[in-house]
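See structure below.
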Amino acid sequence: MGSDYTTAIGIKFYPVGITFKTFIKDNAALEGIGYFYDNGFRVTGLYEFHYNIEGVKGLKWYVGPGVHIEFWNTNWQAQYPGSGSVGIGIDGVIGLDYKFSGAPINVSVDWQPSFNFVGYSYFEGGWGGLGVRYTF
């Protein structure tokens with residue numbers, strides 16, 4: 001694959017999550033992230049288009065759309081009465097992805113803005129972060 005890896009699994013920080021990424025084409029990947037945070041649990045699915053950054057082997061930038069579903073706990077419901085316990089929305093992502101040459105390690109940093117339209121409608125600009133994955 002053009003990314004020098006096909007599949008990767010690891011941890012994403014902020015908030016803490018488990019990430020699984022697999023390339024379905026040389027320049028396109030699917031990423032699933034399960035986040036655990038103070039207000040509940042969130043699952044995000046992203047479709048990412050990857051592009052080379054000339055002059056830096058192993059470094060790519062990516063962008064793409066996605067969706068999420070989240071399950072809010074009583075902390076969230078106390079802050080936002082009437083919001084229910086489930087939220088559904090759309091996501092975007094833009095970031096950098098680096099695969100270390102000769103090592104099965106990949107790191108990424110990205111921003112994942114989202115808009116929630118079921119449960120409680122709002123824009124959220126604080127998702128994303130640093131990902132560290134084992135590649136195979």
Side-chain angles (χ1 to χ4, degrees):
M1 305 297 288
S3 62
D4 293 335
Y5 69 96
T6 303
T7 303
I9 190 166
I11 297 175
K12 194 160 200 178
F13 299 97
Y14 194 76
V16 176
I18 297 171
T19 172
F20 176 82
K21 187 172 190 170
T22 188
F23 280 82
I24 57 173
K25 298 179 185 175
D26 281 347
N27 68 337
L30 297 174
E31 182 176 7
I33 310 160
Y35 289 108
F36 304 92
Y37 67 112
D38 292 345
N39 292 325
F41 176 73
R42 176 177 174 145
V43 177
T44 301
L46 301 167
Y47 189 94
E48 302 169 350
F49 298 95
H50 285 244
Y51 303 97
N52 291 324
I53 295 179
E54 297 303 321
V56 184
K57 183 172 172 40
L59 182 63
K60 296 184 179 288
W61 71 277
Y62 59 94
V63 63
V67 295
H68 71 267
I69 184 168
E70 53 193 321
F71 302 93
W72 295 312
N73 61 22
T74 54
N75 291 341
W76 175 269
Q77 293 166 0
Q79 293 174 31
Y80 303 97
S83 62
S85 59
V86 176
I88 298 172
I90 57 174
D91 296 70
V93 66
I94 186 166
L96 295 171
D97 184 274
Y98 182 73
K99 167 63 174 72
F100 287 93
S101 179
I105 303 296
N106 158 255
V107 295
S108 66
V109 62
D110 60 30
W111 178 50
Q112 295 173 312
S114 64
F115 182 77
N116 216 61
F117 57 85
V118 171
Y120 184 76
S121 296
Y122 67 100
F123 171 79
E124 177 64 62
W127 293 93
L130 173 68
V132 179
R133 299 179 195 91
Y134 176 81
T135 63
F136 47 98

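These numbers come from the heavy atoms of this one structure, side chains and all, not from hydrogens, waters or symmetry mates.
- Looking only at side-chain heavy atoms (C-beta outward), Arg42 and Ser114 come within less than 4.5 Å of each other.
- Lys12 places a side-chain heavy atom less than 4.5 Å from the side chain of Asp110.
- Between Ile88 and Ile69, some side-chain heavy-atom pair lies under the 4.5 Å cut-off.
- Counting only N and O atoms by type, the side chains of Gln79 and Tyr120 include no donor and acceptor under 3.5 Å apart.
- Under the side chain to side chain contact (heavy atoms under 4.5 Å, CB included) criterion, Ala8 pairs with Tyr5, Arg133, Thr135, sequence neighbours left out.
- No side-chain heavy atom of Gln112 sits under 4.5 Å from any side-chain heavy atom of His68.
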*How far apart are the C-alpha atoms of Lys57 and Asp4, what are their side-chain angles, what is the distance that settles it, and do they pass the side chain to side chain contact (heavy atoms under 4.5 Å, CB included) test?*
CA-CA 10 Å; Lys57 183 172 172 40; Asp4 293 335; 3.6 Å; yes
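- Side-chain contact between Val109 and Tyr98 is absent, with no heavy atoms from C-beta onward closer than 4.5 Å.
- By the rule that hydrophobic residues join a cluster once side-chain heavy atoms approach within less than 4.5 Å of another member, Phe100 and Phe136 end up as members of separate clusters.
- Trp111 is linked by a side chain to side chain contact (heavy atoms under 4.5 Å, CB included) to Ile94, Pro113, counting only residues two or more places apart in sequence or in another chain.
- Leu130 places none of its side-chain heavy atoms less than 4.5 Å from the side chain of Tyr14.
- With rounding to the nearest 0.5 angstrom, the CG atom of Asp38 is 7.0 Å from the CG atom of Asn75.
- Residue Leu46 forms a side-chain contact (heavy atoms from CB on, under 4.5 Å) with just one option from Leu30, Val67, Ile33, and that option is Ile33.
- Separating the CZ atom in Phe36 from the CD1 atom in Ile18 is a distance of 5.0 Å, to the nearest 0.5 Å.
- Taking OH of Tyr51 as the start and CH2 of Trp61 as the end, the distance is 6.0 Å to the nearest 0.5 Å.
- Between Tyr80 and Tyr122 the shortest side-chain heavy-atom distance does not fall below 4.5 Å.
- Remark: Phe23 CZ to Thr6 OG1 distance equals 8.5 Å, nearest 0.5 Å.
- Judged by distance alone, with hydrogens and angles left aside, the side-chain atoms of Gln77 form a donor-acceptor pair with the main-chain N or O of Gly84 at under 3.5 Å.
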_Apply side chain to side chain contact (heavy atoms under 4.5 Å, CB included) to residues Asp97 and Asn106 and explain how you reach the verdict._
CA-CA 7 Å; Asp97 184 274; Asn106 158 255; 3.0 Å; yes
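- Put simply, CD1 on Ile24 and OG1 on Thr7 are 11.5 Å apart, with the number rounded to the nearest 0.5 Å.
- Phe13 and Tyr37 sit in two unconnected hydrophobic clusters of ILVMFWY residues. Membership requires side-chain heavy atoms under 4.5 Å apart, directly or through other members.
- Here the shortest heavy-atom pairing between Ala29 and His50 reads CB-NE2, 4.0 Å.
- Note on ring orientation: taking the six-membered ring where Trp is involved, the planes of Phe71 and Phe41 are parallel (angle under 30°, cut-offs 30° and 60°).
- No donor-acceptor pair under 3.5 Å is formed between the side chain of Asn116 and the backbone N or O of Gly87.
- Between Trp76 and Trp72, the ring planes are parallel. Angles under 30° get that label, and only those over 60° would be called perpendicular.
- Residue Gly128 comes nearest to Tyr35 through the heavy atom pair N-OH, 4.2 Å, listed as atom of the first residue, atom of the second, then distance.
- Inter-residue side-chain proximity for Trp127 and Val93 is flagged as unmet; no heavy-atom pair is nearer than 4.5 Å.
- The hydrophobic cluster containing Phe115 also contains Val43, counting ILVMFWY residues as joined when their side-chain heavy atoms lie under 4.5 angstrom apart, directly or transitively.
- Nearest heavy-atom pair across Tyr47 and Ala28 is OH-CB, 3.6 Å.
- A continuous path of Ile, Leu, Val, Met, Phe, Trp and Tyr side chains, each step under 4.5 Å between heavy atoms, connects Tyr134 with Phe20, placing both in one hydrophobic cluster.
- Under the 3.5 Å distance criterion, with hydrogens and angles disregarded, no donor-acceptor pair is assigned to the side chains of Tyr62 and Glu31.
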